[in-house]
Amino acid sequence: MTHWALLLVLVESVIFSYSGWSSVAVIRTALVEKQGLLTDAQLMSFLALSQITPGPLGFYLLFVGHSVRGVVGLGMAGAALVLPSFLVVPVLKILDRGEQHAWLSGAATGVIVTSAALMLGTASDLAPRSVTSLLHLGIAALSFAALISGRVPSFAIVGIAASVGAIAS
Amino acid sequence: MYPLRRLVWLMIRTSIVHVGAAASAAALRKELSREALVAEGSFDTVFAAARLTPGTNLIALFAGLGHRVGGLGGAIAAVTVGLAPAAAISMLALWLYLAFGQLPQAASAIGAASASALAVLVWAGFRFLRDPLRTRPSATIALVAATLILQALNVPPAVVLLASAVIGSVVFRETR
């Protein structure tokens with residue numbers, strides 16, 4: 001995969017996402033399924049790491065970029081994460097002018113719904129590789145229950161799971 | 001320059017201490033309001049714009065706030081300097097993972113964390129669907145079903161997402 005092709009994948013994944021992890025479907029399709037540059041296990045590890053490290057969840061792309069292409073890939077991932085953010089400036093101009101932005105918010109909602117569906121579809125593909133034992137199944141189920149309760153932040157849930165895994169080894 | 005320097009320092013502090021966009025944004029809003037750097041109403045407008053902007057909400061929020069305080073230079077400073085320390089800590093965590101991840105205990109911890117992260121991924125997907133399901137249930141279910149079918153048929157995600165933006169601009173235009 002050329003540098004430009006990798007940059008295109010990274011930018012594509014960010015530009016069509018409206019949150020940190022909703023880019024995962026694009027990344028998995030391009031880098032795991034088509035190019036074989038990453039494994040599902042690596043991708044899941046990077047997602048887990050991004051949950052317990054500071055900053056936005058989208059920083060998992062830094063891990064992906066570094067894993068695929070070293071420092072160059074890291075720089076590309078950083079650029080891919082940062083450059084689309086400047087689109088906020090024209091969006092702000094629209095909101096400040098009080099213009100009708102129903103089409104813009106409708107488009108965003110459409111992308112969010114599709115991103116959510118892609119995330120669920122990707123999760124079902126990743127499940128066999130992430131849940132490989134009864135312990136993992138129990139951890140996943142308890143994590144989901146804790147998330148639904150809304151009482152425990154997600155980074156704490158993943159951190160506790162990591163601790164349980166370390167103790168159980 | 002003082003307001004911009006102060007803004008970037010607050011961004012550094014909130015992005016290092018908190019994980020994820022929501023927690024960082026909430027903490028930043030409180031700090032900016034307390035120091036009268038950015039009014040809460042203005043912050044909320046920038047936050048709404050960040051949510052309408054493609055990509056990571058937190059980075060777009062930083063860019064928008066930086067632009068409010070210091071124009072284009074402020075936006076660049078906010079997303080580069082503001083997030084650099086958090087990115088550096090994340091890369092340190094990656095280095096530790098690469099260096100020690102093969103040790104049995106570390107591998108087991110990562111495996112367990114990955115199972116938990118899978119639950120987070122599923123929960124996040126359902127959470128994003130909550131509001132559209134409440135306001136436009138039929139359209140949402142139809143779009144989800146169509147997306148899953150297209151994903152199973154290996155249609156590139158970017159194509160599906162682009163189509164959903166076009167469809168959404170018509171079908172969902174009154175919901176947000």
Side-chain angles (χ1 to χ4, degrees), chain A residues 12 14-16 20 25-26 29 44-45 47-49 51 53-59 63 82 84-89 91-92 95 102-114 116-121 123 130-131 136 139-140 143-144 147 154-155 157-158 161-162 164-166 169, chain B residues 15-16 19-21 45 49-50 52-60 63-64 67 79 86 89-90 93-94 97 104-105 108-125 128-129 132 140 143-144 147-148 151 157-158 160-161 164-165 167-169 172-176:
Chain A
E12 191 180 291
V14 173
I15 211 120
F16 284 113
V26 173
T29 299
M44 284 310 300
S45 297
L47 292 177
L49 260 182
Q51 267 290 326
T53 49
L57 298 179
F59 270 3
F63 308 150
V82 162
S85 70
F86 291 101
L87 290 170
V88 76
V89 176
V91 172
L92 261 175
L95 294 185
W103 65 270
L104 179 63
S105 61
T109 300
V111 172
I112 286 169
V113 169
T114 295
L118 288 172
M119 285 165 76
L120 293 174
S130 306
V131 181
H136 287 171
I139 285 173
S143 298
F144 193 72
L147 287 161
S154 56
F155 75 87
I157 292 171
V158 177
V164 168
S169 71
Chain B
S15 66
I16 281 179
V19 175
T45 301
L52 291 173
T53 303
T56 306
N57 288 340
L58 187 65
I59 302 177
H67 189 265
V79 300
I89 294 172
S90 294
L94 177 68
Y97 161 72
Q105 275 178 324
S108 184
I110 290 164
S114 296
S116 185
L118 182 73
V120 175
L121 187 62
V122 172
W123 168 76
F128 288 141
L129 291 174
T140 301
L143 189 53
V144 167
T147 300
L148 292 173
Q151 190 180 30
V160 179
L161 288 160
S164 69
I167 292 169
S169 66
F172 292 106
R173 65 184 291 136
E174 289 167 0
T175 61
R176 280 174 60 126

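Residue numbering restarts at 1 for every chain, and letters A, B, ... go by the order of the sequence lines. Just so it is clear, the structure is predicted and the values come from calculations on it, not from any experiment.
In this structure, B:T56 and A:F59 have side chains that are not in contact, with every pair of non-hydrogen atoms separated by 4.5 Å or more. With a 4.5 Å cut-off on side-chain heavy atoms, B:P54 and A:L87 count as touching. Between A:F16 and B:P157, every side-chain heavy-atom pair lies at or beyond the 4.5 Å cut-off. You'll find the side chain of A:T114 stays beyond 4.5 Å of the side chain of B:I167, heavy atoms only. The shortest distance between side-chain heavy atoms of A:L118 and B:T147 falls below 4.5 Å.
Residue A:T29 touches chain B through its side chain alone, counting heavy-atom pairs closer than 4.5 Å. A:E12 touches chain B through its side chain: at least one heavy atom from C-beta onward sits under 4.5 Å away, while N, CA, C and O do not. Contact of A:V158 with chain B is made through backbone and side chain together, with heavy-atom distances under 4.5 Å. Only the side chain of B:P132 has a heavy atom closer than 4.5 Å to any heavy atom of chain A.
Per-residue counts of heavy-atom pairs under 4.5 Å with chain A were compared for B:A115, B:S169, B:A93; the largest is that of B:S169. Ranked by heavy-atom pairs under 4.5 Å with chain B, the list A:V113, A:V14, A:L47 is led by A:V113. Contact count versus chain B (heavy atoms, under 4.5 Å) is highest, among A:A117, A:A140, A:A25, for A:A117. When the candidates B:N57, B:V122, B:I89, B:L148 are compared by the number of heavy-atom contacts under 4.5 Å with chain A, B:V122 comes out ahead. Ranked by heavy-atom pairs shorter than 4.5 Å toward chain A, the options B:L58, B:I16, B:I59 are led by B:I59. Residue with the most contacts toward chain A among B:G111, B:G125, B:A109, B:G64: B:A109 (heavy-atom pairs, distance under 4.5 Å). Options A:V131, A:L49, A:V82 differ in how many heavy-atom pairs under 4.5 Å they form with chain B, and the most are formed by A:L49. In terms of heavy-atom pairs under 4.5 angstrom with chain B, the leader among A:A107, A:A48, A:P56 is A:A107.
In this structure a side-chain-to-backbone donor-acceptor pair under 3.5 Å is present from B:S108 to A:G165. Within the 3.5 Å criterion, the main-chain N or O of A:P54 finds a donor-acceptor partner in the side chain of B:S90.
The CG atom of A:L120 sits 10.5 Å away from the CZ atom of B:F128 when rounded to the nearest 0.5 Å. From A:S130, atom OG reaches atom CG of B:L118 across 5.0 Å, with rounding to the nearest 0.5 Å. Rounding to the nearest 0.5 Å gives a distance of 11.5 Å between CG of B:L121 and OG of A:S154. Note: B:F172 CZ to A:I112 CD1 = 10.0 Å, rounded to the nearest 0.5 Å. B:T53 OG1 to A:L92 CG: the interatomic distance, rounded to the nearest 0.5 Å, is 7.5 Å.
Pairing each heavy atom of B:V120 with each of A:L147, the nearest pair is CA-CD1, 3.7 Å. Minimum interatomic distance between B:R173 and A:S105 (heavy atoms only, all atoms of both residues): O-OG, 4.3 Å. Here the closest non-hydrogen pair linking A:S143 and B:S116 is OG-OG, 2.9 Å. Closest non-hydrogen pair, B:A50 versus A:V88, comes out as N-CG2, 3.9 Å. Closest approach of B:Q151 and A:G121 over heavy atoms only: OE1-CA, 3.3 Å. Taking each heavy atom of A:S169 and B:Q105 in turn, the nearest pair found is OG-CG, 3.0 Å.
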